[in-house]
Amino acid sequence: MKNIVILISGAGSNMQAIVRAAQQERWEQRLGARVAAVLSNQPEAPGLAWARAQGLATEAIAHQGFARREDFDAELQARIDRYAPALVVLAGFMRILTPGFVAHYAGRLVNIHPSLLPAFSGLNTHERAIAAGCKFAGASVHLVTAELDAGPILEQAVVPILPGDDAAALRARVLSQEHIIYPRAIAQLLLKQ
Ligand code: GAR
């Protein structure tokens with residue numbers, strides 16, 4: 001069985017979409033894959049409570065308890081590796097990862113970013129797309145490499161930016177598309193493994 005480990009920091013709506021897709025599309029039977037655990041750097045992340053209520057294994061590692069970024073990533077890596085994951089899925093995991101961590105999971109670490117990469121890497125993507133006068137926005141699923149938000153793109157979804165949109169309206173429109181493309185990209189990756 002191929003194990004998927006999902007990392008979250010907040011609501012975890014993408015994580016929920018992935019867990020639901022795994023159930024509805026019978027990933028265990030079709031892909032030989034299952035969501036093995038959900039880990040978070042935020043013990044109070046609402047998504048963690050949701051995952052626990054689903055009966056999934058959950059773990060929280062508060063990053064404030066670590067003096068150096070490398071120390072947190074080393075602990076995170078040790079916890080993740082107990083599940084021997086085929087795929088590590090960043091789903092709103094709001095941490096910059098160290099190069100050693102990224103290298104350890106090369107080819108099996110994926111992220112979703114709320115912009116049409118390579119445009120608007122980093123934070124506040126929706127605010128910046130609106131301020132730039134863009135007519136379209138979107139989301140990108142990509143393999144994670146050492147450079148922030150710059151790995152090979154696996155899937156993208158495009159949405160219009162409508163007159164009067166504020167960041168919250170655009171975020172909601174993009175997020176609904178994220179929930180479609182992220183499970184699809186993960187299933188494709190698992191099929192190729
Ligand atoms: C999503 O929009 C995701 O694309 C974004 O955080 C949100 C998490 O929502 N990720 C990043 O900005 C990564 N740099 P969720 O917790 O409801 O899935």
Side-chain angles (χ1 to χ4, degrees), residues 1-66 68-114 139 141-145 149 151 154-155 175 178-193:
M1 186 66 65
K2 296 171 195 162
N3 280 342
I4 303 165
V5 171
I6 306 180
L7 308 187
I8 64 169
S9 295
S13 70
N14 276 292
M15 175 266 302
Q16 294 184 28
I18 294 160
V19 169
R20 289 205 182 96
Q23 289 163 352
Q24 286 164 9
E25 297 165 14
R26 300 172 42 249
W27 285 7
E28 284 204 27
Q29 292 89 337
R30 284 187 41 246
L31 304 172
R34 60 158 185 200
V35 176
V38 178
L39 274 58
S40 182
N41 62 314
Q42 300 282 2
E44 304 305 324
L48 216 47
W50 185 90
R52 209 174 296 124
Q54 302 298 303
L56 290 166
T58 62
E59 297 187 33
I61 314 158
H63 61 265
Q64 293 89 343
F66 296 83
R68 299 183 317 144
R69 194 174 284 280
E70 287 77 10
D71 299 336
F72 172 77
D73 280 8
E75 175 64 17
L76 182 62
Q77 183 176 313
R79 301 272 204 112
I80 293 171
D81 283 351
R82 286 186 204 153
Y83 299 96
L87 211 54
V88 177
V89 172
L90 307 178
F93 188 64
M94 304 308 278
R95 298 271 312 165
I96 301 219
L97 297 164
T98 50
F101 182 95
V102 172
H104 180 72
Y105 297 108
R108 54 186 175 128
L109 183 60
V110 285
N111 182 43
I112 190 158
H113 182 76
V141 179
H142 65 96
L143 286 174
V144 177
T145 55
D149 298 330
L154 303 174
E155 281 257 11
L175 197 56
E178 294 183 32
H179 298 161
I180 297 168
I181 63 170
Y182 212 3
R184 192 164 68 202
I186 290 166
Q188 283 298 318
L189 265 182
L190 290 165
L191 266 176
K192 284 191 212 142
Q193 277 186 345

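When reading the values below, keep in mind they use all heavy atoms of this one structure, side chains included, and skip hydrogens, waters and symmetry mates.
- Between the CG atom of Leu97 and the CG atom of Leu7 there is a distance of 8.0 Å, given to the nearest 0.5 Å.
- Around CD of Glu44, the count of heavy atoms belonging to other residues, nucleotides or ligands within 6.0 Å does not exceed 12.
- His104 places a side-chain heavy atom less than 4.5 Å from the side chain of Asp81.
- Between Ile8 and Ser40, the shortest heavy-atom distance links the atoms O-OG, 2.8 Å.
- Taking CD of Glu155 as the start and CD of Glu178 as the end, the distance is 12.5 Å to the nearest 0.5 Å.
- Nearest approach of Glu25 to Arg30, heavy atoms of both residues: O-NH1, 2.8 Å.
- Among all heavy-atom pairs drawn from Tyr182 and Val110, the shortest one is OH-O, 3.1 Å.
- Remark: the backbone N or O of Ala86 is paired with a side-chain donor or acceptor of Gln193 at under 3.5 angstrom.
- Taking CG of Leu48 as the start and CD of Gln42 as the end, the distance is 10.0 Å to the nearest 0.5 Å.
- Put simply, the side chain of Asp73 never gets that close to the backbone of Phe101: no donor and acceptor are under 3.5 Å apart.
- Judged by distance alone, with hydrogens and angles left aside, the side-chain atoms of Arg52 form no donor-acceptor pair with the main-chain N or O of Thr58 at under 3.5 Å.
- Formation of a donor-acceptor pair under 3.5 Å by the Arg69 side chain with backbone atoms of Ile96 is found in this model.
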Are Lys2 and Leu190 close enough, and set up right, to give a side-chain contact (heavy atoms from CB on, under 4.5 Å), and what steps lead you there? CA-CA 8 Å; Lys2 296 171 195 162; Leu190 290 165; 4.1 Å; yes

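- Proximity of Val89 to Asn14: side-chain heavy atoms (C-beta onward) are nowhere separated by under 4.5 Å.
- Here the straight-line distance linking atom CG of Leu189 with atom CZ of Arg184 works out to 13.0 Å at 0.5 Å rounding.
- Looking at heavy atoms from C-beta onward, Val38 lies in side-chain contact with Met15 at the 4.5 angstrom threshold.
- One N or O on the side chain of Ser9 and one on the backbone of Met94 form a donor-acceptor pair closer than 3.5 Å.
- In this structure, Phe93 and Phe72 have parallel ring planes: the angle between them is below the 30° cut-off, well short of the 60° mark.
- For the pair Tyr105 and Gln77, the minimum side-chain heavy-atom distance is below 4.5 Å.
- Of all heavy-atom pairs spanning Pro183 and Ala21, the tightest one is CB-CB, 3.6 Å.
- The two residues Asn41 and Arg95 come nearest to each other via the heavy atoms ND2-CD, 3.4 Å.
- Interatomic distance, CD1 of Ile180 versus CG of Leu175, reported as 10.5 Å (0.5 Å rounding).
- By the 4.5 Å heavy-atom criterion applied to side chains, Val141 and Ile186 are not counted as neighbours.
- Closest approach of His142 and Asp149 over heavy atoms only: CE1-CA, 3.7 Å.
- At least one donor-acceptor pair under 3.5 Å links the side chain of Asn3 to the backbone N or O of Tyr83.
- Arg79 CZ to Ile61 CD1: the interatomic distance, rounded to the nearest 0.5 Å, is 4.0 Å.
- In this structure, Ile6 and Leu56 have side chains that are not in contact, with every pair of non-hydrogen atoms separated by 4.5 Å or more.
- In this structure, Arg108 contributes its side chain and Pro85 its backbone to a donor-acceptor pair below 3.5 Å.
- Using a 4.5 Å cut-off on side-chain heavy atoms (C-beta onward), Trp27 and Ile4 make contact.
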